[in-house]
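Heads up: the structure comes next, in structure tokens.
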Amino acid sequence: MFGLGWSEMILLGVVALIVIGPKDLPNMFRELGRMSGKARAMASEFQRAMESAADDSGVKDISKSIQAAANPAKFGVDKLKSAASSTFKPGTETAKLSEERQAAKDKISAATARAAQDRRDREMAAADAAEMSDEPDMAMPAPVIEPAPAPKPKAKPKATPKAKAAASTTSDKPAKPRAKKTPAGEA
């Protein structure tokens, strides 16, 4: 009921019997029953009033459209499925395109199978040559390694007129270090 077990309910019954007394206890239970009945009636009346207000405002229509959207049969998904699964008709543009794609697929599959067979044949020939060779070092040809191209030198930046003037005025004397300028307020 309210999360009470049988032992708690028996304890409450004994306490009520002692506090209220055996004469008034049946009257009290009767009144509790009437009050709970009234509360249930009021709750059901309130629920009916809320449902009628929802009907008047159109909430029921919205809930029906949401349920229809959730149901694929009412939403029209079955029509999409039937259109997508329809059999194609020979002689149409779709059939011609399908035949062209199948021919291209067959051509690619044949070329791939031929290339794989050629590769297997080369590997078998190399393995046979390695077995027949007397020198184990000569069984497999050494891979040819090409040298990497040398990096190109970076172009030197062009000197600006200021840089040319500075270069012509400098002499072979070492430059004197400059003192840092400090703001007037600092010592």
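Count residues from 1 along the sequence. When reading the values below, keep in mind they use all heavy atoms of this one structure, side chains included, and skip hydrogens, waters and symmetry mates. Keep in mind that this is a model prediction, so the values were computed, not measured.
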Next item on the list: First locate atom CZ of R114, then atom OG of S109, and finally report the distance between them rounded to the nearest 0.5 Å.
Entry: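 Going from the CZ atom of R114 to the OG atom of S109 covers 11.0 Å.
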Checklist line | Q102 CD to L97 CG distance, which is reported to the nearest 0.5 Å | finding: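 It is 12.0 Å, given to the nearest 0.5 Å.
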Next item on the list: Search all heavy atoms of S36 against all heavy atoms of G33 and return the closest pair with its distance.
Entry: OG-O, 2.9 Å
Donor-acceptor contacts under 3.5 Å from residues 6-20 side chains, at least two apart:
| from | atom 1 | to | atom 2 | distance (Å) |
| --- | --- | --- | --- | --- |
| E8 | OE1 | G5 | N | 2.7 |

Checklist line | Contact check, side chains of R119 and E123, non-hydrogen atoms, under 4.5 Å | finding: yes
Note to self: Test of understanding: with salt bridge (charged side-chain N to carboxylate O under 4.0 Å, His left out), list the residues that count as partners of E31, not counting sequence neighbours.
What the structure shows: R34
Next item on the list: Each residue besides M50 in its hydrophobic cluster should be listed here, by chain and number; the cluster joins Ile, Leu, Val, Met, Phe, Trp and Tyr at side-chain heavy-atom distances under 4.5 Å.
Entry: F46
Note to self: Check this for me: does any side-chain nitrogen of one of K96 and E100 sit under 4.0 Å from a carboxylate oxygen of the other?
What the structure shows: no
Item checked: Check: R120/Q117 side-chain N/O donor and acceptor closer than 3.5 Å ->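 Present: a donor and an acceptor within the cut-off.
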